There are 2 protein chains.
Amino acid sequence: MSSDRTRSAILAAAEKLYADRGFGDVTLRDIVAEANVNLAAVNYHFGSKDELIAELFVTRSLATNRERLNALKLAEEKGGGRAPIDAILHALVGPTLRGCLGPDREGSTAARFMIRASIESVPPIRRIKNREVDHLRKFIAAMRRAMPGRDDADLYWGLHFALAMSHHTIREKERLARLSEGQCDLNDVDAIVDRVVSVSVMALTGGEAPARKAPSKVAAPHGRLTRQDL
Amino acid sequence: MSSDRTRSAILAAAEKLYADRGFGDVTLRDIVAEANVNLAAVNYHFGSKDELIAELFVTRSLATNRERLNALKLAEEKGGGRAPIDAILHALVGPTLRGCLGPDREGSTAARFMIRASIESVPPIRRIKNREVDHLRKFIAAMRRAMPGRDDADLYWGLHFALAMSHHTIREKERLARLSEGQCDLNDVDAIVDRVVSVSVMALTGGEAPARKAPSKVAAPHGRLTRQDL
DNA sequence: TTGCAATTCAAACACTTGTATGAAACTATC
DNA sequence: GATAGTTTCATACAAGTGTTTGAATTGCAA
């Protein structure tokens with residue numbers, strides 16, 4: 001079982017280096033140097049560089065999706081099987097934003113890795129992201145229950161815009177900070193979540209404007225994967 | 001002046017290949033093969049691979065920004081120096097969306113190149129994008145004139161969200177099409193622009209909900225640059 | 001035509017990349 | 001303590017990368 005130490009060391013080193021310097025700039029030799037293991041260990045434990053990256057991303061991605069679904073389930077239970085639209089959107093964007101922004105998560109390797117993955121989008125990560133559709137459909141279903149009259153297309157657009165605002169905020173937080181010269185507070189994650197949710201609700205309702213809040217957790221460290229996917 | 005033929009051939013070949021296969025997958029040898037020129041020609045005419053990419057992106061980016069500012073100027077003139085907020089947002093997101101989406105631009109190399117640049121974000125392109133701040137400030141200024149009472153932070157968030165929705169739509173149009181199983185019409189660009197503008201206006205006004213339209217042009221082919229930047 | 005600069009070309013350079021190999025070291029079971 | 005399976009290691013491999021070189025070729029002006 002000492003192999004687990006090597007495996008974990010590689011995962012940790014890779015996540016750190018990718019978070020710091022991006023996928024294009026980090027070689028396997030950099031990773032094994034950081035992890036203090038042999039070069040061949042990566043291929044021995046993961047098969048290839050791409051599979052290493054995939055496992056890294058799947059782990060974090062699974063954690064976020066789990067949080068999302070938990071929050072959604074909680075909201076639906078509280079509403080007796082029908083969650084209000086703002087709670088649904090909160091469950092959708094809250095975990096992502098909370099996982100990547102905020103002063104506590106700021107220095108976190110996991111957060112910076114997910115930000116990097118959101119910016120660079122290398123092939124193994126893109127492959128995984130493409131399978132997220134089923135996961136999102138669960139939110140569409142909940143939205144349909146919350147707004148029975150609405151056209152499906154409007155629901156899709158609403159979900160799409162909600163993801164747009166949260167991902168773009170993560171991707172471009174530096175630029176927004178610079179553009180606004182600090183006037184946009186990117187450390188107040190709750191306020192950002194509320195803002196994204198409130199705009200998304202407006203997009204869906206066509207301009208009436210409610211918006212409350214809902215709970216959310218943070219990400220967990222790496223557990224070993226059974227080569228499952230998203 | 002036969003050098004210009006080589007230069008142009010390289011630019012055209014590079015844009016096509018990058019658009020088709022992405023930056024990570026295309027080598028200089030691929031480009032010179034497509035362009036039917038010698039390998040050394042790239043470094044002779046552009047200095048380096050990165051400078052070639054930069055010139056490619058700057059050309060298209062400049063064209064979009066020119067369109068944006070034209071539309072903004074037109075809207076402000078029509079309003080006597082004070083354009084309505086929806087016209088400002090239309091000027092901001094219209095050229096970008098129209099340049100990348102729509103059935104006519106669909107097969108366009110320029111459009112596909114810009115989509116690729118929006119997805120992959122390679123270092124020379126990121127460097128250029130980082131200088132877009134000054135350009136965006138002009139829209140902030142116009143928005144400030146249109147909504148004198150509003151907090152600056154709200155204006156920045158509104159502009160940020162408008163860009164979020166348009167860029168995310170460009171980046172993830174495939175996914176949205178698949179998720180919605182064709183129910184979101186990604187060929188009706190005008191409708192998309194209106195939708196993005198209308199949501200952005202709601203985000204800025206807090207839920208009253210107007211939204212009209214404004215004009216826009218298409219991109220031009222490559223002219224020679226004088227090594228200027230954005 | 002001559003001369004000179006700009007351009008093209010084939011070839012090589014210098015280096016990095018992910019991956020494979022096969023022997024050595026380790027670990028746990030009998 | 002011998003054996004079988006797992007893990008580590010140094011090293012080599014094969015291929016591909018952007019860039020440079022220096023000689024040919026071209027185009028244009030005097």
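Per chain, numbering begins at 1; letters A, B, ... match sequence-line order. No hydrogens, no waters, no symmetry mates; every other heavy atom, side chains included, goes into these values. These figures come from a predicted structure and were not determined experimentally.
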Figure out the [atom1]/[atom2] separation between [X] and [N], and round it to whole Å.
X	N	atom1	atom2	value
A/Ile10	D/dT7	CD1	P	12 Å
B/Leu52	D/dT19	CG	P	10 Å
B/Arg5	C/dA6	CZ	C1'	15 Å
A/Phe46	C/dA20	CZ	C1'	18 Å
B/Asp4	D/dT26	CG	C1'	16 Å

Test your reading of the model: is there a side-chain donor-acceptor pair from [X] to the backbone of [Y], 3.5 Å cut-off?
X	Y	answer
B/Thr169	B/Met165	yes
B/Thr59	B/Glu55	yes
A/Arg98	A/Val189	no
A/Asn130	A/Arg127	no

**Asked** Can you check whether A/His45 has a side-chain N or O nearer than 4.0 Å to OP1 or OP2 of D/dT8?
**Response**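 Yes, A/His45 has a side-chain N/O under 4.0 Å of OP1/OP2 on D/dT8.
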
Listed pairs under 3.5 Å, donor-acceptor, residues 137-144 of chain B side chains, sequence neighbours left out:
unit_1	atom_1	unit_2	atom_2	d
B/Arg137	NH1	A/Leu179	O	2.7
B/Arg144	NE	B/Asp152	OD1	3.0
B/Arg144	NE	B/Asp152	OD2	3.4
B/Arg144	NH2	B/Asp152	OD2	2.9

**Message:** For a quick check, with a 4.0 angstrom heavy-atom cut-off, what is the B/S/- contact string for nucleotides 9-19 of chain C, read 5' to 3'?
**Reply:** BB-B----BBB

**Request:** Write out all pairs satisfying ring pair (Phe, Tyr, Trp, His ring centres under 6.0 Å) with one or both partners inside residues 110-130 of chain A, taking only residues at least two apart or from two chains.
**Result:**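 Qualifying pairs, neighbours excluded: A/Phe23-A/Phe113.
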
